[in-house]
Amino acid sequence: MKTVTVRDLRNNFSKVEAWLGEGEEIRIEKRGKPIGFLSATPKSAKAANPKVDFMARLDEIWGERVFTEEEVRAMREAELEGDLG
């Protein structure tokens, strides 16, 4: 357990914050007597939302498929017809 003074909290909070980030418990003293304790917030067991791997998804859908010029032109024309019609 680390020990800091009230003065350390005021003047060197970044150091104290780093200790908390590492999971340390900290005793706060004033004039040599303990007045309180700080402890880090427990880490949540719930993981953040996983990020979507778009390239893996594209591979899953299309694989190694490569469109010809004619296929691309036909798809673009179909899209334009849908927008206008």
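Given the structure is predicted, the values throughout are model-derived calculations rather than measurements. For reference, positions follow the sequence shown, starting with 1.
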Atom pair NZ (K15) and CG (L20), whose distance is rounded to the nearest 0.5 Å:
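Between atom NZ of K15 and atom CG of L20 there are 12.0 Å.
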So how far is it from I28 CD1 to K2 NZ, rounded to the nearest 0.5 Å?
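The NZ atom of K2 is 15.0 Å from CD1 of I28, to the nearest 0.5 Å.
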Test side-chain contact (heavy atoms from CB on, under 4.5 Å) applied to N11 - qualifying residues, sequence neighbours left out
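Testing N11 for side-chain contact (heavy atoms from CB on, under 4.5 Å), a comparison that skips the adjacent residues, returns R7.
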Run the salt-bridge test on R73 and E69 with the 4.0 Å N-O cut-off and return the result as yes or no.
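Salt bridge flag = yes for E69 with R73.
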Any residue meeting side chain to side chain donor-acceptor pair (under 3.5 Å) with [X], in chain and number order, not counting sequence neighbours:
X	result
T5	D8
R31	none
T3	R27

Taking CE in M55 as the centre, count heavy atoms belonging to other residues, nucleotides or ligands within less than 6.0 Å. Is the count above 12?
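Not more than 12 within 6.0 Å, no.
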Any ring-ring contact (aromatic ring centres under 6.0 Å, His included) pairs touching residues 11-40, not counting sequence neighbours?
none
Linked, directly or transitively: V66 and M75 (ILVMFWY side chains, under 4.5 Å)
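No: no chain of side-chain contacts under 4.5 Å links V66 to M75.
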Mind checking whether L9 and M1 sit in one hydrophobic cluster, side chains of I, L, V, M, F, W, Y counted as touching below 4.5 Å?
no
What pair of heavy atoms forms the shortest contact from G23 to A40, and how long is it?
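Nearest heavy atoms, G23 then A40: CA-CB, 4.2 Å.
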Would you call V6 and I35 a side-chain contact if the rule is heavy atoms closer than 4.5 Å?
yes
Taking side-chain hydrogen bond (donor to acceptor under 3.5 Å, both in side chains) as the cut-off, I'd like each qualifying pair that reaches into residues 57-66, sequence neighbours left out, listed once.
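Matches after skipping sequence neighbours: R57-E60, R65-E71.
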